[in-house]
Amino acid sequence: PDGSLTDKFLAQTSDAVSLSRRVLQNLAKATNDSIRITFLRDLYRPVHGMASGAAATDLQSVSRISAALEALVSQLEANPRQLNASLLRTLASAIDFIGSICAAPRLSLQRDPSTARILVVDDDPISRRAVTHALEKTNLKGTSVESPDAALGLMKTTSFDLVISDVNMPGMDGFEMCKSLRTLPENASTPVVFVTSLTDFESRAKSTLSGGSDLIAKPFLPLELGLKALMLVLKSRLEVSRGNGPWKGCWPGALAWLLLCALPSEVWLTGPLKIQLKPTAWSPTPIRCSGCWKAFLRCWRRRKPRNGVI
């Protein structure tokens with residue numbers, strides 16, 4: 001691809017992202033389908049421009065996300081009654097993600113996300129097939145298992161880029177499985193999306209506390225789940241690509257890393273300046289920090305004594 005086209009695209013994308021955000025705010029306030037169609041058409045224009053422009057550049061991540069976003073907006077324009085709070089949140093996340101990548105285009109030069117390893121966990125075979133079909137919409141493939149126990153068995157030896165799980169399953173539920181996988185070095189930082197009919201505040205709180213990355217409501221649009229999965233896969237890979245070593249680009253972060261390694265607990269790096277403590281007597285779930293010494297200190301202050309032991 002022509003480098004001048006990439007520079008031109010990046011110069012124009014900031015305005016397109018800002019316009020998309022403003023239109024999306026108006027769309028969220030729309031009170032009937034006629035008004036929603038108008039705003040969806042207004043949203044389609046800048047999204048289509050980003051998708052067609054990115055296709056001519058070497059910004060693979062932007063191209064994949066914007067193409068999936070364009071397809072989703074087009075589907076909603078044809079049937080605005082499908083629009084709900086979950087879809088609005090997904091649209092907003094995709095637009096923000098495009099903006100963040102274009103602000104640091106070096107991070108967009110990634111290997112093909114189609115090679116991502118995605119694990120689908122659901123006791124219902126129809127639901128498993130629906131999720132894998134949704135992934136295929138964005139050229140992703142998933143490995144399906146029918147129980148959390150089978151999933152944890154796989155994750156002990158195989159590193160995945162994303163886990164998509166139901167919540168209500170016989171025996172161990174999705175939240176409990178997520179807590180367990182956070183103790184596995186191979187997948188301690190793997191993003192987890194819960195696909196469930198539970199959309200109340202308590203369920204979202206449980207999702208967050210168990211280490212989940214997001215929650216999507218049933219019934220879902222295949223394109224929505226595919227777009228969300230694509231974003232989480234790319235975000236995970238972009239985090240790892242921000243540097244090549246634990247002290248690249250931030251000496252306070254390197255000092256924090258050295259201090260942490262001197263602590264009486266098990267540690268490992270899940271990416272440059274992305275430090276994670278395994279669960280210990282004083283922390284039932286993994287603790288992560290990234291970026292610099294301030295983040296490290298915030299992370300350290302979160303430690304919680306258990307049974308009087310620190």
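Hydrogens, waters and symmetry mates are skipped; everything else that's a heavy atom, side chains included, is used. Residue numbers count from 1 along this sequence.
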Does the side chain to side chain contact (heavy atoms under 4.5 Å, CB included) test come out yes or no for Thr90 and Leu69, once each step is laid out?
CA-CA 9 Å; Thr90 300; Leu69 177 60; over 6 Å; no
Full working for side chain to side chain contact (heavy atoms under 4.5 Å, CB included) between Val47 and Ser20
CA-CA 7 Å; Val47 169; Ser20 298; 4.3 Å; yes
Ignoring hydrogens, what is the shortest heavy-atom contact between Thr132 and Gly142? Give both atom names and the distance.
CG2-O, 4.5 Å
For a quick test of reading the model, state the closest non-hydrogen atom pair linking Leu223 to Ala71 and the distance between them.
CD1-O, 3.7 Å
Residue Arg21 excluded, over 12 heavy atoms near CZ under 6.0 Å:
yes
Test log, rule side chain to side chain contact (heavy atoms under 4.5 Å, CB included), inputs Thr143 and Arg117
CA-CA 8 Å; Thr143 300; Arg117 295 175 176 173; over 6 Å; no
With side chains defined as the heavy atoms from C-beta onward, is the minimum distance between Val17 and Met50 less than 4.5 Å?
yes
Using side-chain heavy atoms (C-beta onward) and a distance below 4.5 Å, is Asp149 in contact with Met172?
yes
Going from CG on Asp214 to CE on Met231, what distance comes out if it is rounded to the nearest 0.5 angstrom?
8.0 Å
Counting N and O atoms only, with roles assigned by atom type, does the side chain of Arg182 sit under 3.5 Å from a partner on the main chain of Ala188, one being a donor and the other an acceptor?
yes
Are Arg36 and Leu27 packed together at the side-chain level, in the sense that at least one heavy-atom pair is separated by less than 4.5 angstrom?
yes
Say whether, by atom type as modelled, one donor and one acceptor occur between the side chain of Asp166 and the main chain of Phe194 under 3.5 angstrom.
no
Say whether, by atom type as modelled, one donor and one acceptor occur between the side chain of Asp42 and the main chain of Val23 under 3.5 angstrom.
no
Any side-chain heavy-atom pair from Arg64 and Asn139 closer than 4.5 angstrom?
yes
Set out, in order, the CA-CA distance, both residues' side-chain angles and the distance that settles side-chain hydrogen bond (donor to acceptor under 3.5 Å, both in side chains) for Thr38 and Arg41, then state yes or no.
CA-CA 5 Å; Thr38 299; Arg41 287 173 179 168; 5.7 Å; no
Report yes if some heavy atom in the side chain of Met169 is under 4.5 Å from a heavy atom in the side chain of Ser147; otherwise report no.
no
How long is the straight-line distance from OG of Ser86 back to CG of Leu91, given to the nearest 0.5 Å?
9.5 Å
What's the spacing between Leu230 CG and Ser114 OG if we round to 0.5 Å?
8.5 Å
So, do Val121 and Ile164 sit near enough that their side-chain heavy atoms are less than 4.5 Å apart?
no
Hey, does the side chain of Asn187 reach the backbone of Leu181 with a donor-acceptor pair shorter than 3.5 angstrom?
no
So which heavy atom on Ala134 is nearest to which on Pro222, and how close?
CB-O, 3.4 Å
Between Ser180 (side chain) and Glu176 (backbone), is there a donor-acceptor pair under 3.5 Å?
yes
Check against side chain to side chain contact (heavy atoms under 4.5 Å, CB included), Thr57 and Ser63
CA-CA 8 Å; Thr57 72; Ser63 180; 5.7 Å; no
Can you tell me how far apart SG (Cys178) and CG (Asp173) are? Round to the nearest 0.5 Å.
10.5 Å
Rounded to the nearest 0.5 Å, how far apart are CG of Leu232 and OG1 of Thr190?
11.5 Å
From CG (Leu76) to CG (Leu221), nearest 0.5 Å
6.5 Å
Would you say that Asp122 contacts Val131 through its side chain, given a criterion of any heavy-atom pair below 4.5 Å between the two side chains?
no
Quick one: are Met155 and Val163 in side-chain contact, heavy atoms under 4.5 Å?
yes
Closest approach of Asp161 and Ala116, non-hydrogen atoms and distance?
OD2-CA, 3.3 Å
Shortest non-hydrogen contact from Pro80 toward Leu40
CB-CD1, 4.2 Å
Is Arg45 salt-bridged to Glu70, cutoff N-O under 4.0 Å?
no
If hydrophobic clusters are built from ILVMFWY residues whose side chains come within less than 4.5 Å, do Ile37 and Leu88 share one?
no
Pair Tyr44-Glu77, side-chain donor/acceptor within less than 3.5 Å
no
Keeping the roles fixed (side chain from Ser159, backbone from Glu186), state whether a donor-acceptor pair exists under 3.5 Å.
yes
Do you know which two heavy atoms are closest between Ala68 and Leu227, and how far apart they sit?
CB-CD1, 3.7 Å
